[in-house]
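Below, all heavy atoms of this structure are taken into account, side chains as well, without hydrogens, waters or symmetry copies. Throughout, protein chains are lettered first and strands after them, A, B, ... in sequence-line order, and every chain is numbered starting at 1.
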2 protein chains.
Amino acid sequence: MELTTAEENYLKAIYHLSEEGQKSVSTNDIASAIQTKPASVSDMLRKLGEKEVIQYRKYYGLQITPLGMRLALQTIRKHRLWEVFLVDKLHFAWDEVHEVAEQLEHIQSTLLVERLDAYLNYPKFDPHGDPIPDEFGDVRSRPRIALQEMGIDQSGQIVAVKDSSPAFLRYLDKVGAYIGARIKVLDKVEFDGSVEILVDQKKTIFMSKDVANNILILTS
Amino acid sequence: MELTTAEENYLKAIYHLSEEGQKSVSTNDIASAIQTKPASVSDMLRKLGEKEVIQYRKYYGLQITPLGMRLALQTIRKHRLWEVFLVDKLHFAWDEVHEVAEQLEHIQSTLLVERLDAYLNYPKFDPHGDPIPDEFGDVRSRPRIALQEMGIDQSGQIVAVKDSSPAFLRYLDKVGAYIGARIKVLDKVEFDGSVEILVDQKKTIFMSKDVANNILILTS
DNA sequence: CTAATTATTTAGCTTTAGCTAGAATTTAAT
DNA sequence: ATTAAATTCTAGCTAAAGCTAAATAATTAG
């Protein structure tokens with residue numbers, strides 16, 4: 001079964017929206033996630049339903065099928081492997097990789113994916129700390145909490161970010177809060193939810209609640 | 001000015017056909033080069049004319065413009081750089097790279113091309129021995145002749161092949177006639193145009209005229 | 001130099017993926 | 001429980017890129 005590039009993008013968006021908590025994924029949600037109009041989404045949902053990658057009943061909602069799940073994870077796997085390639089091998093900054101990976105993920109060649117995976121040494125996480133599914137779609141994800149939810153004196157390691165906008169990633173780079181950095185919460189301000197943290201045992205930085213909410217920590 | 005993937009493919013085909021000798025490129029030639037129908041070609045030529053990458057007068061013929069040339073060479077550059085990547089880094093066999101490179105060449109990102117070029121150490125030739133244009137479209141090509149045209153006792157180095165079909169490339173692999181191999185013509189049979197050559201000073205092989213015609217040699 | 005053949009182009013259809021405008025359905029609010 | 005609002009879907013249009021069939025131009029042959 002073959003999906004077009006557009007279909008892959010829809011399926012990926014649906015998968016991500018399904019993961020991110022809520023009940024069921026709405027037509028409007030997909031439209032805004034994918035930067036298109038609800039009418040176009042309706043139409044595509046019908047097609048994806050026919051291809052049996054989702055189960056779709058109009059006005060009701062949708063659900064990804066096991067087949068759809070597998071295909072979505074394949075695309076996500078490719079996207080994240082390419083991100084690792086771009087950062088590790090071509091020295092892209094982590095805020096420059098998204099658009100390019102968005103194109104590369106649609107290249108069709110199982111051999112290419114296998115070889116790339118091997119070449120990168122079978123990475124388990126992408127540069128943003130998100131897990132890379134294996135060829136069967138299995139994901140080993142680490143339990144992690146938002147920095148905002150940590151208590152005073154708790155420490156851990158930055159493993160991922162929720163927001164991947166270039167502006168946010170550049171900000172993190174500037175303050176030295178890269179993936180893998182070891183941090184410790186020194187203080188929390190009740191009033192505005194901001195936190196003071198120690199990065200890599202040397203630098204003390206101050207973070208607003210909004211920022212701290214978008215940084216995921218593997219506690220230790 | 002932006003070209004679609006289809007437009008890039010047509011332009012590339014036109015460029016290659018222009019190079020390969022003849023007078024002017026025909027609609028039929030393009031159709032068979034690109035595996036499509038003449039009617040579709042006519043239509044695309046009109047569009048490429050409007051975009052000013054070719055000069056086109058119907059029934060008369062076409063000519064690539066300097067702009068078209070630049071764009072075609074950019075695509076060829078990307079194709080060949082990716083081929084180097086696939087062979088050198090991902091250990092693809094040289095007969096496995098074409099289809100994948102055909103997809104990768106359409107990825108849009110100047111940063112990516114620059115970084116890839118640097119990562120591969122600014123290669124000047126692809127795995128088939130074809131020259132890789134630089135970012136300005138300049139090509140340093142070496143003067144070379146078909147193995148078939150060499151005289152007895154003349155020697156040189158295999159630098160390219162004209163035919164890149166998997167069948168041909170596999171045949172070459174089998175007999176050990178890879179790019180870079182040093183060869184010497186031991187004998188030529190007038191009757192059928194076949195040649196006997198010594199490869200890398202150790203193996204003697206026998207080649208039909210057809211094969212020898214498709215192997216390009218840098219004489220020494 | 002017509003006539004036949006071949007090459008090329010045009011017209012009109014198909015599919016994919018978007019869009020707008022308007023209809024239908026569900027949800028919310030008085 | 002109706003109406004109002006929001007959501008979702010349908011119909012019909014557009015653009016790209018292909019196709020077939022038919023028309024037109026160029027070339028070759030007798």
**Prompt:** How close do A:R77 and A:D134 get, heavy atom to heavy atom, and via which atoms?
**Reply:** CD-O, 3.6 Å
**Complete:** When B:L48, B:I30, B:T27 are each screened for side-chain contact (heavy atoms from CB on, under 4.5 Å) with B:L62, the one that passes is B:I30
**Request:** Measure from NZ or CZ of A:K89 to the centre of the six-membered ring of A:Y119, then state whether that distance is under 6.0 Å and the direction lies within 45° of the axis.
**Result:** yes
**Gap between atoms OH and P, on B:Y56 and C:dT8 respectively (whole Å)** = 9 Å
**Item:** DNA chain C: 5'-proximal contact among A:T5 and B:S26 (nearest heavy atom)
**Value:** B:S26
**Length of the line joining B:E2:CD and D:dA16:C1', which is rounded to integer Å** = 16 Å
**Prompt:** Between B:Y15 and B:Y10, is the gap from one ring center to the other below 6.0 Å?
**Reply:** no
**Prompt:** Has A:N28 got a side-chain N or O lying under 4.0 Å from the OP1 or OP2 atom of D:dA6?
**Reply:** no
**Request:** Nearest whole angstrom, please: distance from the C1' of D:dA17 to the OH of B:Y10.
**Result:** 8 Å
**Asked** Below 4.0 angstrom from OP1 or OP2 of D:dT7, is there any side-chain N or O of A:K58?
**Response** no
**Item:** Closest nucleotide among D:dT7, D:dT24, D:dA17 to the B:Y59 side chain
**Value:** D:dT24
**Asked** Is any side-chain nitrogen or oxygen of A:S42 closer than 4.0 Å to OP1 or OP2 of D:dT10?
**Response** no
**Request:** Establish, with yes or no, whether the OP1 or OP2 oxygen of D:dA17 is under 4.0 angstrom from a side-chain nitrogen or oxygen of B:K47.
**Result:** yes
**Message:** Distance check needed: C:dT16 P versus A:E50 CD, whole Å only.
**Reply:** 10 Å
**Prompt:** Using a cut-off of 4.0 Å on non-hydrogen atoms, how would the nucleic acid contact of A:P38 be classed: base, sugar-phosphate, or nothing?
**Reply:** nothing
**Asked** Roughly, in whole Å, what's the span from CD in B:Q35 to P in D:dA17?
**Response** 18 Å
**Request:** Would you tell me if any nitrogen or oxygen in the side chain of A:S40 comes within less than 4.0 Å of OP1 or OP2 on C:dC19?
**Result:** yes
**Whole angstrom value for the distance that separates C1' of C:dT8 from CE of B:M44** = 17 Å
**Request:** Side chain of B:A6 only, please: which of D:dT7, D:dA17, C:dT20 is the nearest?
**Result:** D:dA17
**Asked** Hey, which of these two, A:Y60 or A:A39, hits DNA chain C nearer its 5' end, going by closest nucleotide?
**Response** A:A39
**Request:** Check A:R46, A:K51, A:K47 against A:E7 for a salt bridge (charged side-chain N to carboxylate O under 4.0 Å, His left out) and give me the one that passes.
**Result:** A:K51
**Asked** In whole angstroms, how far is the P atom of D:dT8 from the CG atom of A:L62?
**Response** 10 Å
**Asked** Taking only N and O in the side chain of B:T36, is any of them less than 4.0 Å away from OP1 or OP2 of D:dA17?
**Response** no
**Message:** Please report the distance, rounded to the nearest Å, between CZ in B:R57 and P in D:dA25.
**Reply:** 15 Å
